[in-house]
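The first residue in the sequence is number 1, and the count goes up from there. The figures here come from the full heavy-atom set of this structure, side chains too, leaving out hydrogens, waters and symmetry mates. Predicted, not measured: the structure shown is a model, and the values here were computed from it.
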Amino acid sequence: MSQLEADRGIKYQWQLFLLALGFFSRLPVPHDTPYSEERMNRAGRYFSTVGILLGLLCATVYVLLSLFFPADVALILMMAFSLMLTGAFHEDGLTDMADGIGGGMTIERRLIIMKDSRIGTYGASALIMALLGKWVFLSELIEQTRTADLFMILVSSYAFSRAIAASLIYDMPYVSDPDTSKSKPLANKQTRSETLFLIAIGLFPSLWFGIEFSIVLLAIGYVVRTLLKRWLTVRIGGFTGDCLGAAQQLVELSMYLLFIAAFYNGFIG
């Protein structure tokens, strides 16, 4: 078997998924999983697949907790579980991006601030509003939906938000210092097939709500992605790893708003 054939095999794809899982979550993966920068870059195609798994875990935790606690208590515990599951990876990106873009007057200064581990006013405000927004939006969805629908809302939002965030790698330049960045392995371009796979897997759980809703979600995701791409290009000239985390958070919050509007107005439900 040639190297090319081996790279296309199931074992190779499984190893890429494990690399993505280990990078984007705190879940343990086998220590002997082969690693290289090339493999890590190719593993980006499984970002939305990891999102499905994380969404399934968080939704399951919420359902189980809701058997013993009031809905709001189960929700806040589920959110804490989600933060531990990912190591607040994406929330950290949102905080750093808000501090950098909010506090820097030049592109160079913004990138320097993003690398600073300290949290400033912009970052703290963004983090508080994001967590508060999730709690408010999901609390509203708990009131509006059945448990099965809420379960799939979480899975869909975790998956599609990660798909849109990771797709920015496809056609945006990486502007951080690759020698010091934790996202260096993801800095290379994606192929078109990898991006299409990423989006397709991310969109798949939303089919629970009907093909019409999935089409609307895809259209809105395209608009949000376009706006994010243009905004980041103007502000810093491309993307950083922090920007990908911030994009995931913003798209996830946007999806909860979309679901609220869809259920409230009878589009689904």
Side-chain angles (χ1 to χ4, degrees), residues 20 24 44-56 58-59 90 93-94 97 101 126 129-130 133-134 136-138 140-142 144-146 148-173 186 189-236 238-239 243-269:
F24 295 120
R45 71 186 68 171
Y46 289 111
F47 198 3
S48 52
T49 310
V50 170
I52 290 179
L53 176 59
L54 299 180
L56 286 170
C58 290
H90 311 298
L94 175 65
M97 188 192 78
I101 294 181
M129 291 303 296
K134 287 182 188 180
V136 171
F137 297 162
L138 287 171
E140 181 63 28
L141 285 167
I142 289 171
Q144 291 188 22
T145 65
R146 302 170 300 166
D149 287 332
L150 182 68
F151 189 100
M152 291 308 301
I153 285 171
L154 288 168
V155 176
S156 299
S157 299
Y158 272 57
F160 192 66
S161 62
R162 285 162 171 80
I164 294 297
S167 73
L168 293 172
I169 300 171
Y170 173 66
D171 56 359
M172 289 190 72
L186 300 177
K189 297 288 186 180
Q190 293 170 332
T191 65
R192 182 182 297 271
S193 60
E194 285 174 330
T195 305
L196 291 174
F197 176 80
L198 184 73
I199 297 296
I201 295 299
L203 194 64
F204 177 73
S206 69
L207 291 172
W208 170 271
F209 302 99
I211 185 65
E212 297 87 357
F213 180 82
S214 294
I215 293 172
V216 171
L217 177 59
L218 182 61
I220 292 177
Y222 175 79
V223 171
V224 172
R225 182 190 187 277
T226 300
L227 293 174
L228 278 171
K229 178 183 173 182
R230 290 180 179 176
W231 184 69
L232 289 172
T233 300
V234 170
R235 303 304 290 177
I236 60 173
F239 79 93
C243 294
L244 298 184
Q248 185 279 320
Q249 291 288 289
L250 294 173
V251 175
E252 182 182 342
L253 286 163
S254 299
M255 287 187 67
Y256 295 149
L257 279 174
L258 175 61
F259 277 113
I260 290 171
F263 278 97
Y264 184 77
N265 292 284
F267 185 72
I268 55 177

Kindly determine whether Ser206 and Ser214 satisfy side-chain hydrogen bond (donor to acceptor under 3.5 Å, both in side chains), including the steps that lead there. CA-CA 6 Å; Ser206 69; Ser214 294; 2.8 Å; yes
Show, in sequence, the C-alpha distance, side-chain angles and deciding distance for Asp149 and Trp208, and conclude whether the side chain to side chain contact (heavy atoms under 4.5 Å, CB included) test is met. CA-CA 8 Å; Asp149 287 332; Trp208 170 271; 2.9 Å; yes
Please test Leu250 against Val224 for side chain to side chain contact (heavy atoms under 4.5 Å, CB included), starting from the C-alpha separation and ending with a verdict. CA-CA 9 Å; Leu250 294 173; Val224 172; over 6 Å; no
I would like to know whether Ile101 and Trp231 meet side chain to side chain contact (heavy atoms under 4.5 Å, CB included); could you show each step before the answer? CA-CA 10 Å; Ile101 294 181; Trp231 184 69; 3.6 Å; yes
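Residue Tyr46 comes nearest to Ala20 through the heavy atom pair CB-CB, 4.0 Å, listed as atom of the first residue, atom of the second, then distance. Taking all atoms of both residues into account, the shortest heavy-atom contact from Tyr256 to Glu252 is OH-OE2, 2.7 Å. The two residues Ala130 and Leu94 have their closest heavy-atom pair at CB-CD2, 3.6 Å. The minimum heavy-atom distance between Val50 and Phe24, with the atom names listed, is CG1-CB, 4.3 Å. The nearest pair of heavy atoms linking Ile201 to Pro205 is O-CD, 3.3 Å. Ile236 approaches Cys243 most closely through the heavy-atom pair CD1-SG, 3.5 Å.
Between the Arg45 side chain and the Phe197 main chain, no donor and acceptor come within less than 3.5 Å of each other. A side-chain donor-acceptor contact under 3.5 Å links Ser48 to the backbone of Leu198. Gln144 places no side-chain N or O within 3.5 Å of a backbone atom of Phe259 that could act as its donor or acceptor partner. No donor-acceptor pair closer than 3.5 Å links the side chain of Arg225 to the backbone N or O of Gly221.
For the pair Phe151 and Arg146, the minimum side-chain heavy-atom distance is 4.5 Å or more. With contacts defined as side-chain heavy-atom distances shorter than 4.5 Å, the pair Leu217/Ser156 does not qualify. Annotation: side chain of Met97 is in contact with side chain of Leu232 (closest heavy-atom distance under 4.5 Å). In this structure, Ile164 and Phe47 have side chains that are not in contact, with every pair of non-hydrogen atoms separated by 4.5 Å or more.
To the nearest 0.5 Å, atoms OG1 (Thr49) and CZ (Arg162) are separated by 11.5 Å. In this structure, Phe137 CZ and Leu258 CG are separated by 12.0 Å, a value rounded to the nearest 0.5 Å. Separation of atoms CG (Leu228) and OG1 (Thr233) is listed at 10.0 Å; rounding is to 0.5 Å. Going from atom CG of Leu141 over to atom CZ of Phe263 covers 7.5 Å, rounded to the nearest 0.5 Å. Separation of atoms CG (Leu218) and CG (Leu203) is listed at 5.5 Å; rounding is to 0.5 Å. A distance of 10.5 Å separates CG in Leu138 from CD in Glu140, rounded to the nearest 0.5 Å.
Summarising the local packing, CZ of Phe213 is surrounded by more than 12 heavy atoms from other residues, nucleotides or ligands at distances under 6.0 Å.
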